Amino acid sequence: MVPRKRTRLEIVEAILEYLVNSGGEAPATRVATANGLAYDRLMSLVEDLQGKGILLVNSVEGRKILVVTSRGLELLSELRRLRRVIRDFGLDF
Amino acid sequence: MVNPDKAILAFIELVSMIAFTIISLRLYRLYRLLKSINILRGAVCFSLLSMSQALMAFSVVSDNPRTAMALYASSSVLAAGGLYSLAAPHQGNYGFITVGGLKLGISVLDYVAGMLGLAASYNSRGVARIFLAVIGFSYMVRGASLIANMTGVMQGYVALLVLGEIVRATSAAVFSLFYASPGHGSGAEEED
């Protein structure tokens, strides 16, 4: 069976979940690998999320470190609660 | 004093109203965080469904028939509006809140005309029964084409609309001419 394509919100939830499990921050390359995302795709999503105050991007010795904000934690908590509603009603962003 | 079966029905309506309200509040919170119109569609949908359930609950327990009827009708309109915000095509703008309501109102009137045409046909005889049924059905087709246009569920909605209009206009013309012609109108005595 072909696996179902993840929605953008599912990917965002997976990224936030990974960051929380990594202590709130992780290098972008590791986030991309762990979540099966192309680096470019991750960074375009990160740019969007950064604009909404969900994530911060810090540069440390040439590496991009993704940091989850308090707004990002709030979003993760809402996404966990609404996972089924979002998926079943096709409410992606 | 409210009937026990009415009270149970109203209670069930209120339970779903509370559940819909909780979902809509969570979706509004998500919208505040993400500023996504798609999420807003869901929030609007569940808000309207929640209000619809509330009106339905009041309609069930209302003792005044006029109030109950008004609440019942408003409940349906709110539910239709809510479901439309989900069914409308994803265009990434706020059109589903503005233009949609107008189209929805027009299509509802088409359905009302269609149902009344079919009801009048049921109570009629002879040729009038056929004409009224055709006119009623063509209004239903018109309403269906508008819904298809709003939701994007069917590509050929324009063809459907044109077909419905041709059938409606032709049958209305034939219908009126038939009964205006000598021997069928009020100007001539009908033989039994």
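All values reported here derive from a predicted model rather than from experimental measurement. A, B, ... follow the sequence lines: proteins, then strands. Residue 1 opens every chain.
The heavy-atom pair separating A:T33 from A:T29 by the smallest distance is OG1-O, 2.8 Å. Across all their heavy atoms, B:L118 and B:A133 have their closest contact at CD2-O, 3.7 Å.
A:F89 and B:F46 have their aromatic ring centers within a separation under 6.0 angstrom.
Contact of A:L82 with chain B is made through the side chain alone, with heavy-atom distances under 4.5 Å. Proximity to chain A (any heavy atom under 4.5 Å) is restricted, for B:R29, to the side chain, taken from C-beta onward.
Taking hydrophobic clusters as Ile, Leu, Val, Met, Phe, Trp and Tyr residues chained together by side-chain heavy-atom distances below 4.5 Å, B:F20 does not share a cluster with B:L14.
Of the listed residues (B:I39, B:L33, B:I23), the one with the most heavy-atom contacts under 4.5 Å to chain A is B:L33.
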